[in-house]
Chemist: 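First, the structure itself, so that you have it in front of you.
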Amino acid sequence: MKPVDPFKTLKKFPDGFVWGVATSSFQIEGAAAKDGKGPSIWDTFCRVPGAIADASNGDVACDHYRLWESDLDLIADLGVDAYRFSVSWPRVRPSGSGAWNEQGLDFYEKLVDGLLKRGIKPYLTLNHWDLPDALQQHGGWAHRDTVHRFVEYARGMTKRLGDRITSITTHNEPWVMASLGHESGIFAPGIKDRATAMQVTHHLLLSHGLALQALRADGVRSKLGIVLNLSPMHPASAAPEDIEKTKLEDGRLLRWYMDPLFNGTYPDDVLAYLGEDAPLISAGDMKAISIPMDFLGINYYSRAVISAAGHWDVKKSGLALTDMGWEIYPEGLTELLVRMDRDYNVPPLYVTENGGAFKDRFEDGRVHDAQRTDYIARHIAAVAEAMNQGVQMAGYMVWSLLDNFEWASGYEKRFGIVHVDYETQARTLKDSALWYRDFLRQQKAARAHTSASALSGPVTESATVLTGV
Ligand code: IFM
């Protein structure tokens, strides 16, 4: 794989390429019990002693439920095309079934209208992990009934908002919900059982497929898809056991989701490895799961290095690390996108999340987060490189708009391009946000230049528009 030089390979991206920023409900909204919202599994999990590094919770978070209007102004000021956000299921249907909560629905209706008023496309995610706790009491995602509750939820939301939403993602990162939530148990709901985790993966995928089927039957016109967290897997050495283990881990993270979604089968090697822990599958499930999608979202942060001996010490590679301890490896994004395109019959791809946690310093009203800017610029260049190699990309979204509740890490890790002072809730654009805004302005100027010259003659090779950090 060629090394990526962000300042040489970045060209004008095509017209229609969608630039965005992303957040999720539990991580920013707060108002955990306000206006009729029910508890989610994350509200409950945060109360488990030792579950969250700084013993925090999502009760207030970024107070976005109250500050949504000024947050939308901030998003508009960045000049993005799209805002990717998620709906809190227990805010709109507190028990996950039964009565809907009008105040919760109103909130998202105002949010969507506020985006449209500002010329920003709403990219809505239905499930970014905050399952109603009431459903967990009945088995949660491990129970097949939850699949049907999710389909009802999807239909209810689109009935209310469907005609105004550009794009609907069913689930964000099913691997995280299944594996971290039900196998290692470090995320909500904190279950540690592999067979349960595998059943959860199947129910998440099935609910995705059945929801798409139902929304299409309802005539919903939004683009429909799912978002996966994926990483290329590299063996720690050329030893056959490292290579073998890498193939299996690739199966567990990537092929376990991509194969059923695109081929209607789970990978044989992973099924054999799981043995009795493999999920129960009913007739018709795989056909439902592999219903064609309008887009696929990929969340990319780093690669994974796999050693048969067990845990790989990331410091060994000598690459710079983010504050999460993840290697900074933009080439992995190009590698991943090219592979998706080569191995599967994928619809247009989005990078729906990409960004880095760094130890930011707030000084004299500024945050000089050069590492984050560099991270984002290099990953955008990696997307450009994938496009140069023929991959059809639809957009790129920075994770995250705001510093926010980083799950089991609490508020200790900051991913935002906008700094949040959790005492005062003041927002400050970090240097990375200013850079992203400038970059988007340059992209728009280049688009305008291209369409003006298209009127008078052939479009020339697009200009390199990214200037140095
Ligand atoms: O904060 C998370 C997000 O909720 C899902 N994708 C990864 C991000 C960073 O860990």
Side-chain angles (χ1 to χ4, degrees), residues 20-30 40-43 45-46 51-54 56-58 61-62 64 83-89 123-131 169-181 184 186-189 204 225-231 253-254 257 296-304 314 321-330 332-333 336 350-360 369 371-372 375-376 379 395-420 422 432:
V21 282
T23 63
S24 88
S25 48
F26 191 82
Q27 292 178 276
I28 65 164
E29 283 179 3
S40 78
I41 54 172
W42 272 93
D43 290 305
F45 188 67
C46 287
I52 310 297
D54 57 3
S56 63
N57 54 53
C62 305
H64 170 76
Y83 175 49
R84 177 174 179 254
F85 64 97
S86 77
V87 171
S88 159
W89 185 352
Y123 276 54
L124 181 151
T125 299
L126 289 164
N127 172 24
H128 197 125
W129 311 353
D130 42 358
L131 181 76
T169 293
T170 51
H171 302 296
N172 181 71
E173 304 184 353
W175 179 88
V176 172
M177 286 181 273
S179 295
L180 302 189
S184 66
I186 59 170
F187 277 17
L204 286 166
I226 196 168
V227 166
L228 304 178
N229 56 302
L230 301 177
S231 298
L253 177 75
L254 188 147
Y257 295 92
L296 172 68
I298 293 175
N299 294 349
Y300 176 82
Y301 290 90
S302 188
R303 68 168 178 174
V314 284
L321 305 178
T322 69
D323 196 28
M324 299 297 280
W326 300 342
E327 290 178 340
I328 301 179
Y329 191 72
L333 179 55
L336 183 65
Y350 285 88
V351 173
T352 30
E353 283 182 27
N354 176 245
F358 293 99
K359 288 220 181 304
D360 298 325
D369 58 339
Q371 282 174 297
R372 183 174 291 104
Y375 181 103
I376 294 170
H379 284 80
Y396 171 92
M397 316 220 171
V398 171
W399 183 270
S400 179
L401 169 70
L402 302 172
D403 290 333
N404 59 46
F405 177 79
E406 178 54 25
W407 309 110
S409 306
Y411 296 95
E412 286 176 358
K413 305 292 178 195
R414 290 180 178 265
F415 273 90
I417 57 172
V418 175
H419 179 271
V420 176
Y422 295 115
S432 55

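Counting starts at 1 for both ligands and their atoms, following the listed order. For clarity, every value in this text was computed on a predicted model and none was experimentally measured.
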Chemist: Check whether any side-chain heavy atom of Val227 sits under 4.5 Å from a side-chain heavy atom of Thr125, and report yes or no.
Modeler: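 In short, these two side chains do not touch, never coming nearer than 4.5 Å.
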Chemist: Specify the closest pair of heavy atoms between Leu401 and Tyr83, including all atoms of both residues, with the distance to one decimal.
Modeler: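 Where Leu401 meets Tyr83 most closely, the heavy atoms are CD2-CE1, 4.4 Å.
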Chemist: Let me know which of Phe45, Trp175, Trp42 forms a ring-ring contact (aromatic ring centres under 6.0 Å, His included) with Phe187.
Modeler: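 The residue from Phe45, Trp175, Trp42 that satisfies ring-ring contact (aromatic ring centres under 6.0 Å, His included) with Phe187 turns out to be Trp42.
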Chemist: Can you list the residues that meet the side-chain hydrogen bond (donor to acceptor under 3.5 Å, both in side chains) rule with Tyr300, with sequence neighbours excluded?
Modeler: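 Once residues adjacent in sequence are excluded, Tyr300 has no partner under the side-chain hydrogen bond (donor to acceptor under 3.5 Å, both in side chains) criterion.
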Chemist: Given the side-chain rings of His128 and Trp399, with only the six-membered ring counted for Trp, is the space between their centroids under 6.0 Å?
Modeler: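 Yes.
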Chemist: I'd like the residue list for ligand 1, meaning every protein residue with a non-hydrogen atom under 4.0 Å from the ligand.
Modeler: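 Answer by chain and number: Gln27, His128, Trp129, Asn172, Glu173, Tyr301, Trp326, Glu353, Trp399, Glu406, Trp407, Phe415.
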Chemist: Is there a donor-acceptor contact under 3.5 Å from the side chain of Ser231 to the main chain of Ser302?
Modeler: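 Such a contact is found between Ser231 side chain and Ser302 backbone.
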